Amino acid sequence: MRFYVLTLFTEMIEQGLSHSVIGRGIEKGLLSVEAVDIRNFTEDKHRRVDDYGYGGGAGMIMQAQPVYDAYMSVKNRVKDGARLIYMSPQGAVFNQKKAEELSKAEDIIILCGHYEGIDQRVIDELEPEEISIGDFVLTGGELGAMVLIDAVSRLVPGVLNKEESFEDESFSDGLLEYPQYTRPYEFMGRCVPDVLLSGHHENVEKWRQRQKIINTFNKRPELLKRAELSEEERQLIEELKNNQHGGFYK
Ligand code: 4GY
(Lines give C-alpha, C1' and ligand atoms only; values in the text may rest on other atoms or scores of the structure.)
Protein backbone atom coordinates (compact mmCIF):
# COMPACT_ATOMS: atom_id res chain seq x y z
CA MET A 1 0.00 0.00 0.00
CA ARG A 2 1.30 3.42 -0.93
CA PHE A 3 0.36 6.64 0.90
CA TYR A 4 1.03 10.08 -0.56
CA VAL A 5 0.52 12.92 1.89
CA LEU A 6 0.09 16.44 0.46
CA THR A 7 1.24 18.73 3.25
CA LEU A 8 3.14 21.87 4.24
CA PHE A 9 4.83 19.91 7.06
CA THR A 10 6.59 16.96 5.43
CA GLU A 11 8.88 16.32 8.44
CA MET A 12 5.86 15.65 10.68
CA ILE A 13 4.72 12.83 8.42
CA GLU A 14 8.23 11.46 7.81
CA GLN A 15 9.18 11.53 11.50
CA GLY A 16 5.83 10.39 12.84
CA LEU A 17 5.59 7.22 10.78
CA SER A 18 9.22 6.09 10.70
CA HIS A 19 9.15 4.17 13.99
CA SER A 20 7.80 0.96 15.45
CA VAL A 21 5.25 -1.15 13.59
CA ILE A 22 4.67 1.21 10.66
CA GLY A 23 8.38 1.92 10.24
CA ARG A 24 8.98 -1.84 10.06
CA GLY A 25 6.18 -2.22 7.50
CA ILE A 26 7.95 0.38 5.37
CA GLU A 27 11.33 -1.38 5.76
CA LYS A 28 9.69 -4.68 4.74
CA GLY A 29 8.42 -2.99 1.56
CA LEU A 30 4.77 -3.61 2.45
CA LEU A 31 4.04 0.10 2.85
CA SER A 32 5.40 3.36 1.57
CA VAL A 33 4.65 6.85 2.85
CA GLU A 34 5.69 9.80 0.70
CA ALA A 35 5.21 13.32 2.02
CA VAL A 36 4.73 15.77 -0.87
CA ASP A 37 5.53 19.40 0.01
CA ILE A 38 2.71 21.62 -1.31
CA ARG A 39 5.09 24.59 -1.07
CA ASN A 40 7.21 23.12 -3.88
CA PHE A 41 4.27 23.84 -6.20
CA THR A 42 3.84 27.54 -5.44
CA GLU A 43 4.22 29.96 -8.33
CA ASP A 44 4.69 32.89 -5.94
CA LYS A 45 8.12 34.50 -6.01
CA HIS A 46 8.14 34.52 -2.20
CA ARG A 47 7.02 30.86 -2.13
CA ARG A 48 3.74 31.82 -0.43
CA VAL A 49 0.94 29.22 -0.44
CA ASP A 50 -1.68 31.20 1.56
CA ASP A 51 -3.48 34.51 1.34
CA TYR A 52 -6.20 36.53 3.11
CA GLY A 53 -9.74 35.21 2.90
CA TYR A 54 -12.35 36.97 0.74
CA GLY A 55 -15.09 38.46 2.89
CA GLY A 56 -12.74 39.38 5.71
CA GLY A 57 -12.21 37.75 9.07
CA ALA A 58 -9.09 36.51 10.79
CA GLY A 59 -6.76 33.87 9.42
CA MET A 60 -5.16 32.80 6.19
CA ILE A 61 -6.48 30.44 3.52
CA MET A 62 -4.41 27.95 1.52
CA GLN A 63 -4.54 28.85 -2.16
CA ALA A 64 -6.07 26.48 -4.68
CA GLN A 65 -3.27 26.37 -7.29
CA PRO A 66 -0.41 24.88 -5.22
CA VAL A 67 -2.77 22.28 -3.75
CA TYR A 68 -4.12 21.36 -7.19
CA ASP A 69 -0.65 21.11 -8.74
CA ALA A 70 0.69 19.04 -5.83
CA TYR A 71 -2.25 16.66 -6.25
CA MET A 72 -1.74 16.39 -10.03
CA SER A 73 1.99 15.70 -9.59
CA VAL A 74 1.01 12.55 -7.66
CA LYS A 75 -2.10 11.68 -9.69
CA ASN A 76 -0.05 11.65 -12.91
CA ARG A 77 2.35 8.99 -11.62
CA VAL A 78 -0.01 6.58 -9.81
CA LYS A 79 -2.30 3.94 -11.27
CA ASP A 80 -5.95 4.82 -11.91
CA GLY A 81 -8.19 4.20 -8.93
CA ALA A 82 -6.12 5.99 -6.29
CA ARG A 83 -8.28 7.30 -3.47
CA LEU A 84 -8.16 10.95 -2.42
CA ILE A 85 -8.91 11.83 1.18
CA TYR A 86 -9.12 15.30 2.74
CA MET A 87 -8.55 15.35 6.52
CA SER A 88 -11.18 17.71 7.87
CA PRO A 89 -13.51 18.06 10.86
CA GLN A 90 -16.33 18.31 8.30
CA GLY A 91 -15.82 14.72 7.14
CA ALA A 92 -17.47 11.51 8.25
CA VAL A 93 -15.87 10.32 11.48
CA PHE A 94 -13.18 7.68 10.92
CA ASN A 95 -13.75 4.24 12.42
CA GLN A 96 -12.52 0.64 12.18
CA LYS A 97 -14.93 -0.17 9.35
CA LYS A 98 -13.48 2.65 7.23
CA ALA A 99 -9.95 1.51 8.15
CA GLU A 100 -10.79 -2.00 6.89
CA GLU A 101 -12.23 -0.61 3.65
CA LEU A 102 -9.16 1.57 3.01
CA SER A 103 -6.77 -1.30 3.78
CA LYS A 104 -7.84 -2.85 0.45
CA ALA A 105 -6.66 0.16 -1.58
CA GLU A 106 -3.31 0.28 -3.41
CA ASP A 107 -2.74 4.05 -3.49
CA ILE A 108 -4.13 6.57 -1.03
CA ILE A 109 -3.50 10.29 -1.48
CA ILE A 110 -4.20 12.35 1.66
CA LEU A 111 -4.61 16.13 1.57
CA CYS A 112 -3.71 18.02 4.75
CA GLY A 113 -4.92 21.57 5.23
CA HIS A 114 -3.58 24.24 7.55
CA TYR A 115 -4.45 27.75 8.74
CA GLU A 116 -8.20 28.47 8.34
CA GLY A 117 -8.59 25.92 5.57
CA ILE A 118 -8.19 25.45 1.83
CA ASP A 119 -9.84 27.50 -0.94
CA GLN A 120 -13.16 25.70 -1.50
CA ARG A 121 -12.76 25.66 -5.29
CA VAL A 122 -9.97 23.09 -5.26
CA ILE A 123 -12.04 20.92 -2.91
CA ASP A 124 -15.03 21.22 -5.27
CA GLU A 125 -12.79 20.40 -8.26
CA LEU A 126 -11.05 17.34 -6.76
CA GLU A 127 -14.06 16.04 -4.79
CA PRO A 128 -11.97 14.27 -2.13
CA GLU A 129 -13.58 11.99 0.41
CA GLU A 130 -13.58 14.09 3.60
CA ILE A 131 -12.63 12.17 6.71
CA SER A 132 -12.46 13.45 10.30
CA ILE A 133 -10.64 11.68 13.11
CA GLY A 134 -13.06 13.14 15.66
CA ASP A 135 -15.21 16.11 16.59
CA PHE A 136 -12.45 18.54 17.52
CA VAL A 137 -10.29 20.99 15.60
CA LEU A 138 -6.59 20.38 14.99
CA THR A 139 -4.10 22.97 13.78
CA GLY A 140 -3.63 20.96 10.59
CA GLY A 141 -4.59 17.70 8.94
CA GLU A 142 -1.21 16.00 9.52
CA LEU A 143 -2.02 14.37 12.86
CA GLY A 144 -5.28 13.14 11.36
CA ALA A 145 -3.43 11.70 8.37
CA MET A 146 -0.99 9.93 10.69
CA VAL A 147 -3.83 8.45 12.72
CA LEU A 148 -5.51 7.19 9.54
CA ILE A 149 -2.28 5.78 8.08
CA ASP A 150 -1.48 3.98 11.34
CA ALA A 151 -4.93 2.41 11.67
CA VAL A 152 -5.05 1.35 7.99
CA SER A 153 -1.45 0.12 7.77
CA ARG A 154 -1.70 -2.33 10.64
CA LEU A 155 -4.48 -4.10 8.69
CA VAL A 156 -2.23 -4.64 5.66
CA PRO A 157 -1.21 -8.33 5.60
CA GLY A 158 2.29 -8.86 6.99
CA VAL A 159 2.62 -5.51 8.76
CA LEU A 160 1.82 -7.02 12.15
CA ASN A 161 3.75 -10.08 13.25
CA LYS A 162 2.16 -13.08 14.99
CA GLU A 163 2.52 -11.56 18.47
CA GLU A 164 0.87 -8.33 17.33
CA SER A 165 -1.93 -9.97 15.39
CA PHE A 166 -5.46 -8.63 15.58
CA GLU A 167 -7.69 -11.73 15.69
CA ASP A 168 -9.53 -10.76 18.85
CA GLU A 169 -9.25 -7.01 19.04
CA SER A 170 -11.82 -4.38 19.95
CA PHE A 171 -14.36 -3.54 17.21
CA SER A 172 -13.74 -6.62 15.04
CA ASP A 173 -17.20 -7.73 16.21
CA GLY A 174 -18.33 -4.29 17.40
CA LEU A 175 -17.42 -5.00 21.03
CA LEU A 176 -14.63 -3.72 23.28
CA GLU A 177 -11.70 -5.94 24.19
CA TYR A 178 -11.54 -8.24 27.24
CA PRO A 179 -9.01 -7.42 30.01
CA GLN A 180 -5.44 -8.71 29.59
CA TYR A 181 -2.97 -9.90 32.23
CA THR A 182 0.71 -10.84 32.31
CA ARG A 183 3.19 -11.80 35.03
CA PRO A 184 3.37 -11.53 37.98
CA TYR A 185 0.37 -13.51 39.22
CA GLU A 186 -0.17 -11.00 42.05
CA PHE A 187 0.23 -7.19 41.87
CA MET A 188 -0.65 -5.00 44.91
CA GLY A 189 -2.84 -7.78 46.25
CA ARG A 190 -4.72 -8.15 42.92
CA CYS A 191 -4.56 -11.62 41.38
CA VAL A 192 -5.01 -12.77 37.78
CA PRO A 193 -8.51 -14.31 37.31
CA ASP A 194 -8.21 -18.03 38.05
CA VAL A 195 -9.91 -19.13 34.84
CA LEU A 196 -6.93 -17.80 32.85
CA LEU A 197 -4.63 -20.22 34.72
CA SER A 198 -7.03 -23.17 34.51
CA GLY A 199 -5.77 -24.37 31.13
CA HIS A 200 -9.44 -24.94 30.18
CA HIS A 201 -9.46 -23.30 26.75
CA GLU A 202 -13.23 -23.34 26.31
CA ASN A 203 -13.83 -21.71 29.70
CA VAL A 204 -11.19 -19.07 28.92
CA GLU A 205 -13.01 -18.22 25.67
CA LYS A 206 -16.39 -18.07 27.44
CA TRP A 207 -14.96 -15.81 30.16
CA ARG A 208 -13.37 -13.48 27.60
CA GLN A 209 -16.57 -13.15 25.57
CA ARG A 210 -18.51 -12.37 28.76
CA GLN A 211 -15.92 -9.76 29.77
CA LYS A 212 -16.21 -8.11 26.36
CA ILE A 213 -19.94 -7.70 26.80
CA ILE A 214 -19.62 -6.44 30.38
CA ASN A 215 -16.87 -4.03 29.34
CA THR A 216 -18.92 -2.68 26.45
CA PHE A 217 -22.06 -2.41 28.61
CA ASN A 218 -20.11 -0.44 31.25
CA LYS A 219 -18.02 1.83 29.05
CA ARG A 220 -19.66 2.17 25.59
CA PRO A 221 -23.25 0.91 25.89
CA GLU A 222 -24.21 2.62 22.59
CA LEU A 223 -21.97 0.12 20.75
CA LEU A 224 -24.20 -2.80 21.78
CA LYS A 225 -26.93 -1.66 19.38
CA ARG A 226 -24.76 -2.52 16.37
CA ALA A 227 -22.73 -5.45 17.77
CA GLU A 228 -23.02 -8.98 16.39
CA LEU A 229 -24.49 -10.91 19.34
CA SER A 230 -25.72 -14.44 20.00
CA GLU A 231 -28.99 -15.16 21.84
CA GLU A 232 -26.97 -16.03 24.96
CA GLU A 233 -25.13 -12.71 24.76
CA ARG A 234 -28.36 -10.73 24.38
CA GLN A 235 -29.65 -12.48 27.48
CA LEU A 236 -26.53 -11.47 29.45
CA ILE A 237 -27.17 -7.84 28.47
CA GLU A 238 -30.78 -8.10 29.68
CA GLU A 239 -29.48 -9.43 33.01
CA LEU A 240 -27.00 -6.56 33.30
CA LYS A 241 -29.80 -4.06 32.57
CA ASN A 242 -32.13 -5.60 35.18
CA ASN A 243 -29.46 -5.58 37.88
CA GLN A 244 -29.95 -2.06 39.24
CA HIS A 245 -26.83 -1.29 41.21
CA GLY A 246 -25.38 1.98 39.96
CA GLY A 247 -21.70 1.18 39.43
CA PHE A 248 -19.70 -0.97 37.05
CA TYR A 249 -20.15 -4.70 36.63
CA LYS A 250 -17.29 -7.10 37.24
N1 4GY B 1 -10.75 16.73 13.18
N2 4GY B 1 -9.92 15.22 11.60
C3 4GY B 1 -9.07 17.21 11.44
C4 4GY B 1 -8.77 18.62 11.68
C5 4GY B 1 -7.56 20.60 10.90
C6 4GY B 1 -8.00 23.81 8.98
C7 4GY B 1 -8.49 21.92 7.47
C8 4GY B 1 -9.97 16.42 12.15
O9 4GY B 1 -9.04 15.25 10.60
N10 4GY B 1 -8.52 16.46 10.49
O11 4GY B 1 -9.21 19.19 12.66
N12 4GY B 1 -8.00 19.24 10.75
C13 4GY B 1 -8.16 21.52 9.88
C14 4GY B 1 -7.49 22.85 10.04
C15 4GY B 1 -7.82 23.25 7.61
C16 4GY B 1 -7.99 20.98 8.49
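Numbering of residues begins at 1 and proceeds along the displayed sequence. Both ligands and their constituent atoms are indexed starting at 1 by order of listing. Quick caveat: nothing in here was measured; it's all calculated off a predicted structure.
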task: Ignoring hydrogens and angles, tell me if any N or O in the side chain of Gln65 forms a donor-acceptor pair with the backbone of Val49 under 3.5 Å.
output: no
field: Carboxylate-amine/guanidinium contact Lys79 Glu106, below 4.0 Å
entry: yes
field: Element-labelled atoms of ligand 1 that are located less than 4.0 Å from some non-hydrogen atom of Gly134
entry: 1 (N)
- prompt: Going by the order shown, which atoms of ligand 1 are within less than 4.0 Å of some heavy atom of Met87?
  reply: 9 (O), 10 (N), 16 (C)
task: Report the nearest protein non-hydrogen atom to atom 5 (C) of ligand 1: residue, atom name, distance rounded to 0.1 Å.
output: Leu138 O, 3.4 Å
message: If you count heavy atoms of other groups shown closer than 6.0 angstrom to CZ of Arg83, is the number above 12?
response: yes
- prompt: For atom 4 (C) of ligand 1, what is the nearest protein heavy atom, given as residue, atom name and distance?
  reply: Pro89 CD, 3.6 Å
- request: Any atoms of ligand 1 less than 4.0 Å from a non-hydrogen atom of Phe136? List them with their elements.
  value: 1 (N), 11 (O)
- prompt: Which protein non-hydrogen atom lies closest to atom 2 (N) of ligand 1, naming both residue and atom, and how far is it?
  reply: Ile133 N, 2.8 Å
Sub-4.0 Å heavy-atom contact, Phe94 with ligand 1: no
- prompt: Are the side chain of Ser18 and the backbone N or O of Gln15 linked by a donor-acceptor pair below 3.5 Å?
  reply: yes
task: Using a 4.0 Å heavy-atom threshold (strictly under), name the region of Ser132 that reaches ligand 1: side chain, backbone, both or neither.
output: both
field: Check: Ala35 main-chain N/O paired with Thr10 side-chain donor or acceptor under 3.5 Å
entry: no
- prompt: Near Val137, which atoms of ligand 1 are under 4.0 Å from a heavy atom of that residue?
  reply: 11 (O)
message: Using modelled atom types and a 3.5 Å cut-off, is there a donor and acceptor pairing between side-chain atoms of Ser73 and backbone atoms of Ala70?
response: yes
- prompt: Can you tell me if Glu101 uses its side chain to pair, donor with acceptor, with the backbone of Lys98 under 3.5 Å?
  reply: no
query: Of all the atoms in ligand 1, which lie at a distance below 4.0 Å from a heavy atom belonging to Tyr86?
result: 7 (C)
- line: In this structure, atom 6 (C) of ligand 1 is nearest to the protein heavy atom Tyr115 O, 3.3 Å
- prompt: Hey, is Asp37 close enough to Arg39 for a salt bridge, meaning N to O under 4.0 Å?
  reply: no
query: Please state which protein non-hydrogen atom is closest to atom 15 (C) of ligand 1 and give its distance, to 0.1 Å?
result: Gly117 CA, 3.5 Å
